[in-house]
Peer 1: 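Sharing a structure here in structure tokens format.
Below, chain A is the first sequence line, B the second, and so on; all start at residue 1.
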Amino acid sequence: MSNESAPIDLRGDRGFQDLRERIYQVAFLACAVISVLTTVGIVLSLAVPAVGFFQNVSLGEFLLGTQFSPAIRPKVFGVLPLVFGTLLITAGAGAVALPFGLLTATYLAEYAPPGRRAVLKPMLEVLAGVPTVVYGYFALVYVTPLLNAIPGLELGTFNALSASIIMGVMIIPMVSSISEDAMSAVPDSLREASYGLGATKFDVSTGVVIPSAASGIASSFVLALSRAIGETMIVVVAAGQTARFPGDVPGLLTSFFKSTQTMTSAIIQLGLSDLSGGTTAYRALFAIGLTLFVMTLVLNVVSDLLVQHYQEDYD
Amino acid sequence: MARNEDTMADGESNAGTDERLITTDVTAGLDEESTATTDSSRTVIDARNVDFYYDDVQALDDVSLSIPEGEVTAMIGPSGCGKSTFLRCINRMNDLIDIARFEGELRLRGKDVYDDDVDPVALRRRVGMVFQEPNPFPKSIYDNVAYGRRIQGMDENMDEAVEQALRRAALWDEVSDQLDKSGLDLSGGQQQRLCIARAIAVDPEVILMDEPASALDPIATSKIEDLIEELATEYTVVIVTHNMQQAARISDKTAVFLTGGELVEFGDTDRIFQDPDSDRVEDYITGKFG
Ligand SMILES: Nc1ncnc2c1ncn2[C@@H]1O[C@H](COP(=O)(O)OP(=O)(O)OP(=O)(O)O)[C@@H](O)[C@H]1O
Ligand SMILES: [Mg+2]
């Protein structure tokens, strides 16, 4: 016979496969679209009332104003004191959570024997599950009096310090848990390479494991800080409702000892004080919400860029 | 920097005391009972009745051998026979494996490296290692080579030291204009040479090489073989290889392991390759087994 045998059949089960692939594709797309739409919806629901607000208060007055007093005439709506309060408390929380979280993660990933890690990690994660209102009262009722017992420290009943410390405690597990995952994912071959060159455990942790896990660690920081920026209950309960700007009290650090208002706690205040909804003060709520949203977004975008830039792959 | 004794893998508990060096007795090796070797060269590493277990799986079975100073000793044998395990016993890398258990005696210049007062960190500064799988750090080429010197506090003349190590590892010409590129962006064979450069940059007195040329082309291989012979004029080199010709070419002594972690024969390379005592070794070398 000739060697012109029939070409082999490589058509497969095209029709069925195509259909299946298409269904998957549509399903995945639908999920993606739903979450994008939700985000767009939220932004719009903030933006529309905010537009109404900016018809009464100019953008410059809002963004550059150093005074926020929505209840007492003359009503002024400068957002800067709220931004300052938010950054103050976030910085305080970060100063607690980032170092403690990173050290905890290093301990768990590099030093703790496996058995102890299995016990400690879930215990730490419980910290993240405590309702924030409980944290708030804990700060108000226990932490503030405790700090006041330190000679020379005079805190108001409501103050930024105890709120930031407790908020820091709350976000430690976010930092430690995500950082620990990133550090545990560093291949053992890199640890061996380092030990093989005569490294101590400390050398290995700081010189190899932490740098190799840098992008995961950075993500944990950003996530934790975003959480702190948006945190509401602890601030409302423990830090009070007094909007302040750095010039209002002498020295930056003394701001920590006083009652402080953040963007989130201002939103609560505005929402509760005026349920009718028509006033400028009520609409200010949405302008502040929008500002908060933009701040968190910028933080996330910037950190994404940083992580991409410094990412060290090891596969 | 909390270093909690009980939190560390066994054997690592001394890792913090960088400064402590192993007390060595340079002459101790001289008087050790003579081994299969006939010449009078000094023994650097002396293993006596070494058994090694991963959990209850035995990986080394009563291994005794003496590795002479300033020579190249090759370890050959079929896959899984325990060559890497033996190599990693010498610098106590196996301490990092929880399930590992060492029995017997292993002396470096007369000092048992498994004694309680031995700091594995100090040991590994004297006994360098090139691992079977290339494992460069996710750092620049320069930082990879400089890493060991930095942690050991050898900070002076870093640029020259890095260049020299890369030259000796036959990698300099390929990377001299891109030293800040990541070590991971190199090819497999380049990574292997980077790991060699990293190990020799710290000037260890014994260098353990686990198949350092497995991913190299013939030219790079011959450069590495030249390096090994050059290293052996100053240092002691122990090399694991699956390449019989390579073992025959570059080594002075050869140890043949066979399945089960048994050291079947150890002696001068020429004799092992020309006239082995054991039929099993002859079969393995000539390719009838393994
Ligand atoms: N980390 C480990 N845990 C458990 N068993 C191991 C481990 N490493 C090696 N082994 C076992 O010990 C034995 C010896 O392994 P080893 O790696 O020393 O062999 P090798 O001679 O180097 O082989 P190859 O030539 O393939 O590299 C093998 O049976 C292996 O399965
Ligand atoms: Mg091996």
Peer 1: Look up atom CG in D188(A) and atom CG in L96(B), then write down how far apart they are to the nearest 0.5 Å.
Peer 2: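 Going from the CG atom of D188(A) to the CG atom of L96(B) covers 8.5 Å.
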Peer 1: Report, as yes or no, whether the 6.0 Å neighbourhood of atom CD on E154(A) holds more than 12 heavy atoms from other residues, nucleotides or ligands.
Peer 2: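 It does not: E154(A) CD has 12 such atoms or fewer within range.
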Peer 1: So what's closer than 4.5 Å to chain B heavy atoms on S194(A): side chain, backbone, both or neither?
Peer 2: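 For S194(A), heavy atoms of backbone and side chain both lie under 4.5 Å from chain B.
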Peer 1: Which answer fits F137(B), side chain, backbone, both or neither, if we ask what part of it has an atom under 4.5 Å from a heavy atom of chain A?
Peer 2: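 Answer is both: backbone and side chain atoms of F137(B) are under 4.5 Å from chain A.
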Peer 1: Should we count OH of Y142(A) as having more than 12 external heavy atoms under 6.0 Å?
Peer 2: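 For Y142(A), atom OH is not crowded (no more than 12 foreign heavy atoms under 6.0 Å).
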Peer 1: Using every non-hydrogen atom in the two residues, find where P114(A) and D98(B) come nearest and quote the distance to one decimal.
Peer 2: CG-OD2, 4.3 Å
Peer 1: Measure the CG-CD distance between D203(A) and Q152(B) for me, rounded to the nearest 0.5 Å.
Peer 2: 9.5 Å
Peer 1: A quick test of your reading: do over 12 heavy atoms of other residues, nucleotides or ligands sit less than 6.0 Å from CD of E156(B)?
Peer 2: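 Count over threshold, so yes.
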Peer 1: Nearest 0.5 Å, please: how far is CE in M93(B) from OH in Y195(A)?
Peer 2: 8.5 Å
Peer 1: Looking at F100(A), I want to see if its CZ is surrounded by more than 12 non-hydrogen atoms of other residues, nucleotides or ligands under 6.0 Å.
Peer 2: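 Incorrect, the count does not exceed 12.
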Peer 1: Might you point out which heavy atoms bring N135(B) and A193(A) nearest each other, and give the distance in Å?
Peer 2: ND2-CB, 3.4 Å
Peer 1: Going by heavy atoms in the side chains, are P204(B) and L197(A) under 4.5 Å from each other?
Peer 2: no
Peer 1: Does any heavy atom of chain A fall under 4.5 Å from the side chain of R198(B), the backbone, both, or neither of them?
Peer 2: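 Looking at R198(B), backbone and side chain both touch chain A.
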Peer 1: Kindly give the heavy-atom pair with the smallest separation between F131(B) and G196(A), and that separation in Å.
Peer 2: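 In terms of heavy atoms, the two residues are closest at CZ-CA, 4.4 Å.
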Peer 1: Counting only N and O atoms by type, is there a donor-acceptor contact under 3.5 Å from the side chain of R125(B) to the main-chain atoms of G198(A)?
Peer 2: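 A pair under 3.5 Å: yes.
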Peer 1: Non-hydrogen atoms of chain A under 4.5 Å away: do they reach the side chain of P136(B), the backbone, both or neither?
Peer 2: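 Contact with chain A involves the backbone of P136(B) alone.
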Peer 1: Rounded to the nearest 0.5 Å, what's the gap from CD on E192(A) to CZ on R88(B)? Could you check?
Peer 2: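 Here the rounded value is 4.0 Å.
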Peer 1: Would you please name every residue forming a side chain to side chain contact (heavy atoms under 4.5 Å, CB included) with A201(B), sequence neighbours left out?
Peer 2: V145(B), R149(B), A165(B)
Peer 1: A side-chain contact here means heavy atoms from C-beta on lying under 4.5 Å apart; do S189(A) and E133(B) qualify?
Peer 2: no
Peer 1: Is V130(B) close to chain A through its backbone or its side chain, or both, or neither, when contacts mean heavy atoms under 4.5 Å?
Peer 2: neither
